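Remarks on the structure that follows.
Small disclaimer: the values here were computed from a predicted structure and weren't measured.
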Amino acid sequence: MATPTLRQLEYLATVVDTGSFTRAAEQLHVTQPALSHQIRALEGALGGPLLERLPRAVRLTPMGRAVLPHARAALAEVDRLQAAARRTAGLEEGELEVAVVYSVSLGILPPVLRDWHRRHPGVRIRLREYAHTDRLQEAMAAGRADLAIGPAPTGWEGPIRELGVEEFTVVLPAEDPLADRPAGTVALAELADRD
């Protein structure tokens, strides 16, 4: 047995609302034979007649009266689905999964999230925090987040947008050989073998 289509349910509701195959075909911008064919296909899928074709009108059969509220509910649910998709696409509502490294979630991100929430109050943000950039990249590759904020990953083939620069301070014991250098002159590579 074939499954009814949304188009067939729309055709049924329109025939009932207009009271005529001719007016329904005009409203739906289809030919009357095409409309009749789809109604017959729907009746075949459901196992019986839904409409009585009278000389100047159309009347629901008992099966048609039983089916019509469900057809209208299905069509209304599709309308709600489309509205939800439009609202989400327009950033009116929804949920955004954001993967971040710890340092970003503590320093840079809070004011950005406050501003985002003011502009998009219906969009909920869920943060997933990671201690290391590698874990952040793995999370993105596995689809566990919609976007990630952290250091630019190596070998990443997806889009990357630079948001800014985060400054770090290195604190060393006074007796460390690098402690005598002027500020800003210690390269991260020089600290690679340290705890």
If the condition is side-chain contact (heavy atoms from CB on, under 4.5 Å), which residues does A148 pass it with, not counting sequence neighbours?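 Counting only residues at least two positions away or on another chain, A148 forms a side-chain contact (heavy atoms from CB on, under 4.5 Å) with A99, L136, M140.
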Non-neighbouring partners of L127 that pass side-chain contact (heavy atoms from CB on, under 4.5 Å), sequence neighbours left out: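 For L127 the side-chain contact (heavy atoms from CB on, under 4.5 Å) partners, ignoring immediate neighbours, are V98, V100, L109, L113, I125.
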Hey, what do you get for CG (L35) to OH (Y11), rounding to the nearest 0.5 Å?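 If I round to the nearest 0.5 Å, the distance is 7.0 Å.
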With rounding to the nearest 0.5 angstrom, report the CG to CG distance, L172 to L178. 6.0 Å
Pairwise side-chain contact, V16 with V58, heavy-atom cut-off 4.5 Å (strictly under): no
Scan for salt bridge (Lys or Arg N to Asp or Glu O under 4.0 Å) pairs involving [range], sequence neighbours excluded, and state none if there are none.
| range | value |
| --- | --- |
| residues 180-193 | R181-E190 |
| residues 29-44 | E43-R53 |
| residues 97-109 | E97-R126, E97-R128 |

Please report the shortest heavy-atom distance between [X] and [Y], naming the atom on each side.
| X | Y | result |
| --- | --- | --- |
| L9 | P4 | CD2-CB, 4.4 Å |
| P151 | V101 | CD-CG2, 4.0 Å |
| A41 | Q8 | CB-NE2, 3.4 Å |

Side-chain donor-acceptor pairs under 3.5 Å in residues 65-78, sequence neighbours left out?
residue	atom	partner	partner atom	Å
R65	NH1	L60	O	3.1
R72	NH1	D17	OD1	3.2
R72	NH1	D17	OD2	3.3
R72	NH2	D17	OD1	2.6
E77	OE1	R80	NE	3.2
E77	OE1	R80	NH2	2.6

For D115, salt bridge (Lys or Arg N to Asp or Glu O under 4.0 Å) partners two or more places apart: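 Residues passing salt bridge (Lys or Arg N to Asp or Glu O under 4.0 Å) with D115: R118, R119.
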Non-neighbouring partners of [X] that pass side chain to side chain donor-acceptor pair (under 3.5 Å), sequence neighbours left out:
| X | result |
| --- | --- |
| T22 | Q32 |
| E52 | R59 |
| D176 | R194 |
| R23 | none |

Should L147 and Y102 be regarded as members of a common hydrophobic cluster, given that ILVMFWY residues are connected when their side-chain heavy atoms come within less than 4.5 Å of each other, either directly or indirectly? no
Near L54 CG, under 6.0 Å, is it more than 12 heavy atoms from other residues, nucleotides or ligands?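 Yes, the 6.0 Å shell around CG holds more than 12 heavy atoms from other groups.
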Which pairs with one or both residues in residues 135-150 pass side chain to side chain donor-acceptor pair (under 3.5 Å), sequence neighbours excluded?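 Passing the test, one end in residues 135-150: R135-E138.
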Between L191 and V186, is the side chain to side chain contact (heavy atoms under 4.5 Å, CB included) condition met? List the steps. CA-CA 8 Å; L191 301 172; V186 176; 4.0 Å; yes
